[in-house]
2 protein chains.
Amino acid sequence: MAKYKEVANEIRKRIKSGIYHSEEKIPDQESLAKEFGTSRVTVKKALDMLSVAGLVYTIQGSGTYVKKNAVNLAERNIQIGQNVGLTAAAGERLELKTKVLDFNVRFPDEEECNQLSIMKEEPVYDIRRLRILDEKPYSLEHTIIPISLAPNITKEILNRSLYDYLQGDLGIVFGDNRQTVRAVKPDANDKQYLHCSNEDPVLEVSKVMFLERGTPLEYSIVHHRYDMVEMSFINVSRDGLFG
Amino acid sequence: MAKYKEVANEIRKRIKSGIYHSEEKIPDQESLAKEFGTSRVTVKKALDMLSVAGLVYTIQGSGTYVKKNAVNLAERNIQIGQNVGLTAAAGERLELKTKVLDFNVRFPDEEECNQLSIMKEEPVYDIRRLRILDEKPYSLEHTIIPISLAPNITKEILNRSLYDYLQGDLGIVFGDNRQTVRAVKPDANDKQYLHCSNEDPVLEVSKVMFLERGTPLEYSIVHHRYDMVEMSFINVSRDGLFG
DNA sequence: TAGTGGTCTAGACCACCCT
DNA sequence: GGGTGGTCTAGACCACTAA
């Protein structure tokens with residue numbers, strides 16, 4: 001492991017264990033460099049990571065300080081913006097089932113061409129799945145994937161985990177993703193499969209998942225029951241790159 | 001401006017203007033360093049910024065490449081996760097009005113203590129505002145702020161822009177924020193002020209805004225009309241910091 | 001004015017990709 | 001094996017904070 005990551009990890013542990021307290025100034029970069037037997041640039045890089053992770057902040061000319069509430073963040077090692085399918089997110093002894101409602105191949109419509117940056121002659125998978133958590137209908141997922149990017153999908157794969165197949169079997173590595181969240185009225189499918197009444201709102205999440213190189217891999221529109229899902233995210237204030 | 005930012009800006013311009021094309025390999029770091037009269041480390045830092053911004057990706061041993069669709073991102077200089085109040089976000093000749101429905105001082109409840117990390121004896125402002133965009137009711141904002149952190153708020157300030165007052169007059173600098181989005185059924189206020197019917201869903205966004213040092217400044221719950229607001233965000237895949 | 005963080009350099013070595 | 005990115009160092013200078 002890179003040395004700056006080791007240093008970042010060690011400092012994170014110290015924050016977590018209370019060796020460096022909230023609101024407290026931690027040793028200066030020079031001292032840390034000496035302690036870890038490394039250079040100041042490397043220490044700086046480690047502190048930058050912790051800053052992005054929301055654990056510390058620096059004041060030029062003054063020092064580096066532990067943020068309030070930093071401990072909460074230090075506890076959990078998970079990364080914000082992590083891309084895990086629902087299957088992995090369930091955990092906790094809850095039983096997640098998937099029912100494939102529809103599995104077709106067709107040409108994309110205009111919106112799908114736009115989102116996936118493909119020609120309208122490039123065929124796509126059209127997948128509709130119902131997710132059931134602990135016997136309760138949970139979400140309706142409509143997924144569009146260009147066939148060329150993820151060949152040989154079968155109904156059997158969809159019954160297990162599509163993401164496991166893409167990541168594990170095909171060796172695909174996900175990159176960034178863009179999501180848009182709305183509240184919408186339930187449509188016929190929501191009423192039928194999610195058991196929504198007319199008054200039950202739906203949380204609609206549309207997402208485009210990209211590969212490392214920026215190629216759109218998957219366009220999905222997911223309808224969540226309003227009483228089973230909420231979405232959280234953290235905006236980290238960053239340097240104004242670009243003038 | 002720091003040299004690495006200048007380099008990042010110049011490369012961004014080249015991507016935007018098409019000098020470096022999508023999917024194309026850009027010159028190696030050594031060449032760029034020579035061209036810009038700087039060191040390779042500085043070029044690397046510039047490329048790291050562009051990578052975080054989603055414009056390029058690197059493959060060790062191979063080179064640095066322009067992402068597909070990078071141009072779209074290069075066009076707009078705005079930052080994801082930017083903290084702008086609605087007043088600034090309106091723009092576009094649309095008329096945004098604010099109506100203060102309620103402006104009180106009281107002690108916080110348990111949830112507010114929890115979110116704002118304050119004692120239950122620390123008084124807070126309790127603000128309810130209706131936002132109106134182009135004569136149409138837009139959102140209902142319920143804002144809780146510890147008095148000690150933002151003193152001397154007046155109804156007059158709320159009629160202008162609270163964020164302008166906090167940032168401009170008080171010189172407060174915002175840090176990170178955490179948001180949670182849900183779809184909920186309209187309550188009595190939503191029906192009255194947002195003109196929601198029983199079937200109109202509401203997009204509820206609860207947010208905690210932090211100061212640079214990690215102190216929670218503001219806890220807000222905003223109800224948006226489902227047909228006027230959607231929320232977008234980008235998850236950037238980052239290095240797995242921490243082992 | 002002393003302490004501290006931000007940036008930059010020149011050179012070095014390693015890891016990885018590709019032919 | 002040559003090309004390229006990832007990391008690291010020692011030293012330097014500047015910018016800012018705090019007393």
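Protein chains get the first letters and strands the later ones, always in sequence-line order, with residue 1 at the start of each.
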Could you tell me how far apart M1(B) (CE) and dG6(C) (P) are, to the nearest whole angstrom?
18 Å
Is the shortest distance from a Lys or Arg side-chain nitrogen in R160(A) or D164(A) to a carboxylate oxygen in the other one below 4.0 Å?
no
Is the Lys NZ or Arg CZ of K45(A) less than 6.0 Å from the centre of Y4(A)'s six-membered ring, within 45° of the axis?
yes
Take the protein atom NZ of K5(A) and the nucleotide atom C1' of dT7(D), then report the distance between them rounded to whole Å.
11 Å
Over how many whole Å does the gap from E30(B) atom CD to dG11(C) atom C1' extend?
10 Å
Kindly check if the number of other-residue, nucleotide or ligand heavy atoms within 6.0 Å of CZ (R14(A)) is above 12?
yes
Rounded distance (Å) that lies between atom P of dA18(D) and atom CG of D28(A):
15 Å
Are OP1 or OP2 of dT9(D) and a side-chain N or O of K3(A) less than 4.0 angstrom apart?
yes
To the nearest angstrom, how far is E212(B) atom CD from dC16(D) atom P?
15 Å
Measure from CD on Q29(A) to P on dA10(D) and round the result to the nearest Å.
15 Å
Between dG3(C) (P) and I26(A) (CD1): distance, integer Å
19 Å
Where does the angle between the aromatic ring planes of F174(A) and Y163(A) fall among parallel (under 30°), tilted (30 to 60°) and perpendicular (over 60°)?
perpendicular
Are OP1 or OP2 of dC8(D) and a side-chain N or O of Y4(A) less than 4.0 angstrom apart?
no
For DNA chain D, which residues of residues 33-45 of chain A approach it to below 4.0 angstrom with any heavy atom?
G37(A), T38(A), S39(A), R40(A), V41(A), T42(A), K45(A)
To the nearest 0.5 angstrom, please state how far the NE2 atom of H224(A) sits from the CD atom of E141(A).
7.0 Å
Report yes if the side chains of Y57(A) and V66(A) come closer than 4.5 Å at any heavy-atom pair, otherwise no.
no
Partner residues of L149(A) under the side chain to side chain contact (heavy atoms under 4.5 Å, CB included) criterion, sequence neighbours left out:
P146(A), T215(A), L217(A)
How many Å lie between CG on L32(A) and P on dC8(D), as a whole number?
15 Å
Exactly one candidate in I19(B), L47(B), L50(B) meets side-chain contact (heavy atoms from CB on, under 4.5 Å) with I26(B); the answer is L47(B)
Going 5' to 3' along nucleotides 14-19 of chain C, which nucleotides have protein heavy atoms under 4.0 Å from the base (write B), which only from the sugar-phosphate (write S), and which from neither (write -)?
--BB--
I'd like to know if the side chain of S232(A) pairs up with that of T180(B) as donor and acceptor (distance under 3.5 Å, no hydrogens or angles considered).
yes
